[in-house]
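Below is one structure, written out as structure tokens; comments come after it.
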There are 2 protein chains.
Amino acid sequence: MGQGQRRAGQAGLEPVRVPSAADEVADRLLTAIALGEFSVGERLPPERELAEQLGVSRPTVRIAVGRLREIGCLEVVRGRSGGHYVRTGWRAESADAVRRTLMPKWERVHTLQDTRCLIESLIARTAAERCGADEAADIRAALAAYESASEPAEVRSTSAGLHEAIARAAHNEPLAVYSRQLLQEITAGFPIEPYSGNLTERSLAEHRALAEAVLAGEAERAARIAREHFTITGENLRAILERSTAEPDSAS
Amino acid sequence: MGQGQRRAGQAGLEPVRVPSAADEVADRLLTAIALGEFSVGERLPPERELAEQLGVSRPTVRIAVGRLREIGCLEVVRGRSGGHYVRTGWRAESADAVRRTLMPKWERVHTLQDTRCLIESLIARTAAERCGADEAADIRAALAAYESASEPAEVRSTSAGLHEAIARAAHNEPLAVYSRQLLQEITAGFPIEPYSGNLTERSLAEHRALAEAVLAGEAERAARIAREHFTITGENLRAILERSTAEPDSAS
DNA sequence: GATAAAAGGTAAATAGACAAGACCTTAAAA
DNA sequence: TTTTAAGGTCTTGTCTATTTACCTTTTATC
């Protein structure tokens with residue numbers, strides 16, 4: 001290939017894609033679940049509340065939750081004190097859905113993992129350079145919460161909390177938003193545990209090292225640690241997905 | 001502030017915003033103009049062609065170009081060999097539109113400038129680390145094109161081309177996409193020349209230094225140069241916008 | 001046990017956005 | 001003068017989302 005290379009028509013004008021309201025709502029919910037704002041077994045707000053909070057109508061919310069239910073990450077209970085619950089173990093039952101959902105995106109997931117490494121590294125570096133007293137307190141608190149977490153769901157939630165605290169310390173909201181988007185698109189909101197087995201303690205050490213580097217203002221070190229950490233996280237996630245798509249029935 | 005701080009309702013669920021097809025088309029066109037794919041004085045493809053290329057209907061295209069015309073960045077000519085032309089000097093005449101369009105986004109433009117510095121720095125660093133032979137050839141060609149450019153529009157276009165070549169060398173498409181989005185949202189597609197007056201030669205030197213650092217594989221240096229370069233570009237853009245919004249009538 | 005309340009489930013009517021297509025107007029090229 | 005290529009306007013149909021109402025299920029609670 002030589003130079004320039006403007007493909008896609010005469011002037012980079014590819015077809016537009018307009019997301020529907022239901023798409024947007026489904027993405028939001030998946031992101032919230034991925035970030036641990038709704039833990040496993042927890043109940044989502046009632047449809048009517050969700051509709052009001054999200055500024056959409058209830059049928060739209062229903063389309064979105066219906067989609068999540070098809071994927072298998074929500075369970076519905078009727079009657080008083082019913083609602084939509086985040087399912088606990090769902091991988092085995094919905095391997096088909098996973099394959100249908102993720103297979104077309106396989107290449108993209110790879111690329112996005114790389115992007116996430118780069119972005120999180122940048123966030124860590126910038127946070128180390130800009131972290132103030134308030135943010136430092138936030139990071140320490142988030143680290144303490146993470147280290148005292150025991151259940152898998154809690155680990156996931158507090159881990160996300162720590163990364164968000166670091167992102168806040170970078171003092172740049174769009175970067176934090178982009179980071180969240182990447183997490184959501186990579187995991188597609190599936191409540192897969194990136195930290196399983198013997199990786200747990202390694203993750204713990206890395207989280208602490210990352211937080212300390214940021215707090216100490218050591219930008220280079222923070223960037224390097226973040227890069228390694230998210231590389232490993234990404235490879236682990238890929239392995240899990242590979243397993244779940246390769247052997248749908250023999251899995252756990 | 002203490003810790004955690006999840007605002008916006010009980011669980012980070014803010015109202016969704018669904019962009020319309022016309023919004024999307026207007027953004028695309030603004031981006032294309034901002035990137036110099038349509039130079040000043042050039043004619044856009046006919047509405048019917050745009051509609052086909054973008055996969056939308058003609059009325060939708062008309063809403064989009066109508067908006068750009070209101071802003072003042074397009075001029076319409078009727079009859080045979082008519083069409084929509086990118087306007088050359090428009091700032092003075094449309095200061096009102098600029099103010100209406102940009103004032104609400106003032107804070108956000110600030111933030112996005114910062115984001116752009118960080119992202120472009122990351123792109124330069126990564127490009128320096130990953131640049132292969134093909135990409136190096138692309139960068140050299142783009143640099144040569146930039147250095148031989150004379151007209152302002154050509155400078156702008158080739159500058160964008162150089163930055164895109166560097167982004168390609170980073171081997172991460174989402175980052176390049178994000179970079180383009182930032183450029184588009186910051187400038188809102190206005191054909192403002194970021195490189196005006198005595199900044200031109202400085203920009204030229206910086207572009208060359210950046211390209212050389214990337215080609216030499218010096219990641220740190222490339223990152224530093226990119227950061228400074230985009231900081232200056234951003235400040236210059238801000239100054240121009242401030243002028244154009246502060247003194248709508250006395251401006252040139 | 002009866003009842004009220006709180007949740008999901010369903011459905012019809014309305015509004016708005018978009019697409020498709022026909023047709024008119026303008027002005028330059030032939 | 002005629003043709004032609006462009007923008008300008010209008011109508012109609014379709015799809016999506018909102019609104020609103022009502023039904024069904026279950027569980028607290030009296």
Side-chain angles (χ1 to χ4, degrees), chain A residues 9-11 13-29 32-33 38 41-87, chain B residues 9-11 13-29 32-33 38 41-87:
Chain A
Q10 302 168 359
L13 293 178
E14 299 162 13
V16 299
R17 163 200 146 261
V18 192
S20 80
D23 294 338
E24 216 65 34
V25 170
D27 274 8
R28 287 288 185 88
L29 292 178
I33 294 172
F38 300 116
E42 202 174 331
R43 197 193 66 181
L44 264 53
E47 294 174 351
R48 294 167 172 85
E49 271 183 38
L50 280 178
E52 192 179 2
Q53 283 182 23
L54 294 167
V56 297
S57 69
R58 201 175 142 220
T60 302
V61 170
R62 284 187 58 75
I63 292 173
V65 296
R67 228 172 271 173
L68 299 208
R69 214 175 22 163
E70 277 181 12
I71 289 178
C73 99
L74 283 185
E75 198 170 14
V76 65
V77 177
R78 297 185 63 171
R80 181 168 174 171
S81 72
H84 295 90
Y85 291 78
V86 180
R87 287 191 62 163
Chain B
Q10 303 168 358
L13 294 177
E14 298 162 14
V16 299
R17 166 201 145 263
V18 192
S20 78
D23 294 337
E24 214 64 34
V25 171
D27 274 8
R28 287 289 184 87
L29 292 177
I33 293 172
F38 300 115
E42 202 174 331
R43 197 194 67 181
L44 263 54
E47 294 173 353
R48 293 168 173 85
E49 270 184 39
L50 280 178
E52 193 177 3
Q53 282 182 24
L54 294 167
V56 297
S57 72
R58 205 177 141 216
T60 302
V61 170
R62 283 187 59 75
I63 292 173
V65 296
R67 227 172 272 173
L68 299 207
R69 213 173 26 161
E70 276 181 12
I71 289 177
C73 99
L74 284 185
E75 198 170 12
V76 65
V77 177
R78 295 185 64 171
R80 181 166 176 173
S81 71
H84 294 91
Y85 291 79
V86 180
R87 288 189 64 163

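Note on naming: letters A, B, ... go to the chains in the order of the sequence lines (proteins, then strands), and numbering restarts at 1 for each one.
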Worksheet entry | Salt-bridge criterion met for A/Arg69 and A/Glu75 (N-O under 4.0 Å) | no

Worksheet item: What is the distance from CD of B/Glu24 to C1' of C/dA19, rounded to the nearest Å?
Response: 17 Å

Discussion item. In whole Å, I'd like the distance from the CZ atom of B/Arg80 to the C1' atom of C/dC24.
Written reply: 18 Å

Discussion item. As a test of reading the structure: which of D/dA17, C/dG9, D/dT3 is closest to the side chain of A/Arg58, going by heavy atoms?
Written reply: C/dG9

Practice prompt. Starting at atom CZ of A/Arg43, determine the distance to atom C1' of D/dT26, rounded to an integer number of angstrom.
Written response: 13 Å

Worksheet entry | Distance, rounded to the nearest Å, where A/Arg48 contributes CZ and D/dC22 contributes C1' | 10 Å

Worksheet, complete the sentence: A/Ile63 CD1 to D/dT19 C1', in whole Å, measures 14 Å

Discussion item. Without decimals, in angstroms, what is the distance between A/Arg17 CZ and C/dC18 P?
Written reply: 15 Å

Worksheet item: At under 4.0 Å, does any side-chain N or O of A/Thr60 touch on OP1 or OP2 of D/dT16?
Response: no

Worksheet item: Is there a donor-acceptor contact under 3.5 Å from the side chain of A/Arg87 to the main chain of A/Gly41?
Response: no

Discussion item. Tell me the interatomic distance from B/Glu47, atom CD, to D/dG8, atom C1', rounded to whole angstroms.
Written reply: 8 Å

Worksheet item: Separation of A/Glu49 atom CD from C/dA6 atom C1', in whole Å?
Response: 11 Å

Discussion item. Let me spell it out: for each of A/Ala22 and A/Gly79, pick the nucleotide of DNA chain D with the closest heavy atom. Which residue's pick is nearer the 5' end?
Written reply: A/Ala22

Worksheet item: Would you say A/Arg28 and A/Leu54 make side-chain contact, with heavy atoms under 4.5 Å?
Response: yes

Worksheet item: Is the distance from OP1 or OP2 of C/dA27 to the nearest side-chain N or O of B/Ser81 less than 4.0 Å?
Response: no

Worksheet item: Between D/dG8 and B/Arg78, is there an OP1 or OP2 to side-chain N/O distance shorter than 4.0 Å?
Response: no

Worksheet item: With a 4.0 Å cut-off on heavy atoms, is B/Pro46 in touch with a base, just the backbone sugar-phosphate, or nothing at all?
Response: sugar-phosphate

Discussion item. Is B/Arg62 close enough to D/dG8 that one of its side-chain N or O atoms is under 4.0 Å from OP1 or OP2 there?
Written reply: yes

Fill in: CD (A/Glu42) with more than 12 external heavy atoms under 6.0 Å
yes

Discussion item. For a quick test of reading the model: is some side-chain N or O of B/Arg69 closer than 4.0 Å to OP1 or OP2 of D/dG8?
Written reply: yes

Fill in: Exceeds 12 heavy-atom contacts within 6.0 angstrom, atom CD of A/Glu24
yes

Discussion item. Considering every strand and a 4.0 Å limit on heavy-atom distances, what is the contact class for B/Val18: base, sugar-phosphate, or nothing?
Written reply: nothing

